[in-house]
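Note that these values count all heavy atoms, side chains included, but never hydrogens, waters or copies made by symmetry. Atoms within each ligand, like the ligands themselves, are counted from 1 in listed order.
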Amino acid sequence: MMEGYEQAAADAAERLASAADLDAVADVEREMLGRRSTFTEAKRRLGDLDPGERAAAGRRLNAARERVEASVAAARARLSASGRADRYAAERLDLTERLPRTTVLRRGHFHPVTQARDRLEDVFVGMGYTVAEGPEVESAWYNFEALNIPDWHPARGSFDTIFVNLGESEEVMLRSHTSPVQIRVMENRKPPIYIVAPGRTFRADTADATHLPAFNQIEGLAVDRNITMGDLAGTIDEFVRAFFGGEVKSRLRPSYFPFTEPSAEFDISRPDGSWLELGGCGMVHPNVLSNCGIDPEEWQGFAFGFGIDRLAVMRHEIDDIREFVNNDVRFLSQF
Ligand code: FA5
């Protein structure tokens, strides 16, 4: 005959098999195995039995108890696995999801100054130049001395140089122009040389509609035999035409730079007929060639350097150069 607890255990196994959640399992476990449970009660009653019957009854009781424990464990495993599966399903991220067609995806693009720089490189590469680079932190030798600007020279003052607190005073600086790249190239290569060197330059200038303290220049250098000022003027004309198309004119005005002789400044025409100063240029000074180990009797050169940000301002007819560094996406996305 089946004991009461064996019937209860069989019922419990059924309830556990169909339990819908972990709370239901815990209820059955408490009822069957807890302190005031069916099995605890049955165990207490074992004491009333004859010692001869007690061992067999104890084994039956334990076997039933183990079956209930196994059913509880199985139900728990089933429910926690399905609970995990439900949670995973609820938290699932569809990584293949596509945005509906109504959402316009906007791709980024290069900053207008970077676009101008890339275009300039392309124009000059098309004219047979290669692209050179130099460091943004320079020594006084490259930024000034080798360019024929000794430390007593008043032209040093005109560059509003930002010095770096390294080494001797006023020996290390953020380059105030790209002209030091001329020196680095001439020190390392034999003529003929045709290079352009775009890059960032720095001056203690207050930002206004036409100035930034960190701006970009592009340097050009040609060293060859029998080069004249006419070659320089022709090159600038050619580049202005290639960069802007036919409408923009350029002009040269006499000027002064210690590293070129003669020197000129060149301007380009604005749509309203006024002129915008774009850069400086001239024939490479013989002292500069000698400083780099190039014989000025045999080789001549011309050089130019102009502001890329100014060029981009012109190209896009922007009123204020500071717009380029405000980083307002609504402004930048127009170009
Ligand atoms: C120079 O820096 C010379 N190294 C140019 C040169 C190279 C002359 C080779 C001869 C031979 P300048 O200081 O004028 O020259 O600057 C050249 C151009 O850089 C300016 O015409 C302007 O277009 C740009 N520029 C200068 N300062 C700023 C600034 N604060 N913000 C934006 N553009 C600037």
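In this structure, F124 and F239 have parallel ring planes: the angle between them is below the 30° cut-off, well short of the 60° mark. Aromatic ring pairs are classed by plane angle as parallel below 30°, tilted from 30° to 60° and perpendicular above 60°; the pair H177 and F259 is perpendicular.
Among all non-hydrogen protein atoms, the one lying nearest atom 13 (O) of ligand 1 is R203 NH1, 2.8 Å. The shortest contact between atom 8 (C) of ligand 1 and any protein heavy atom is with G280 C, 3.3 Å.
Every atom of ligand 1 with a heavy atom of C281 under 4.0 Å away is listed here by number and element: 8 (C), 10 (C), 11 (C). Close contacts between ligand 1 and T210 involve ligand atoms 31 (N), 32 (C) [criterion: under 4.0 Å to a heavy atom]. If you number the atoms of ligand 1 from 1 as listed, the ones under 4.0 Å from a heavy atom of E277 come out as 14 (O), 20 (C), 21 (O), 23 (O). Every atom of ligand 1 with a heavy atom of A303 under 4.0 Å away is listed here by number and element: 9 (C), 11 (C).
Heavy atoms of F304 found under 4.0 angstrom from ligand 1 belong exclusively to the backbone. Neither the backbone nor the side chain of T201 comes within contact range of ligand 1; no heavy atom lies under 4.0 Å. Residue R310 touches ligand 1 through its side chain alone, judged by heavy-atom distances below 4.0 Å.
Every side-chain hydrogen bond (donor to acceptor under 3.5 Å, both in side chains) that S263 has, sequence neighbours left out, goes to T260.
The two residues E31 and S37 come nearest to each other via the heavy atoms O-CB, 2.8 Å.
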Residues R156, E170; criterion salt bridge (charged side-chain N to carboxylate O under 4.0 Å, His left out); working and verdict | CA-CA 11 Å; R156 280 210 186 184; E170 307 206 343; 5.7 Å; no
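Taking 4.0 Å as the cut-off, D309 does not count as a neighbour of ligand 1 on heavy-atom distance.
Residue contacts with ligand 1: H211 is placed with no nitrogen or oxygen under 3.5 Å of a nitrogen or oxygen of the ligand (distance criterion only). At least one N or O atom of S179 sits closer than 3.5 Å to an N or O atom of ligand 1. Annotation: Q217 places an N or O atom under 3.5 Å from an N or O atom of ligand 1; distance criterion only.
A 4.5 Å side-chain heavy-atom check between L147 and N143 finds every atom pair outside the cut-off.
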Please set out all donor-acceptor pairs under 3.5 angstrom arising from side-chain atoms of residues 295-304, sequence neighbours excluded.
residue : atom : partner : partner atom : Å
D295    : OD1  : E297    : N            : 2.9
E298    : OE2  : R225    : NH2          : 2.5
Q300    : OE1  : N226    : N            : 2.7

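Annotation: cation-pi geometry not satisfied between R203 and F215 (NZ/CZ under 6.0 angstrom from ring centroid, within 45° of ring axis).
Closest to atom 29 (C) of ligand 1 by heavy atom, among D208, L212, T178, is L212.
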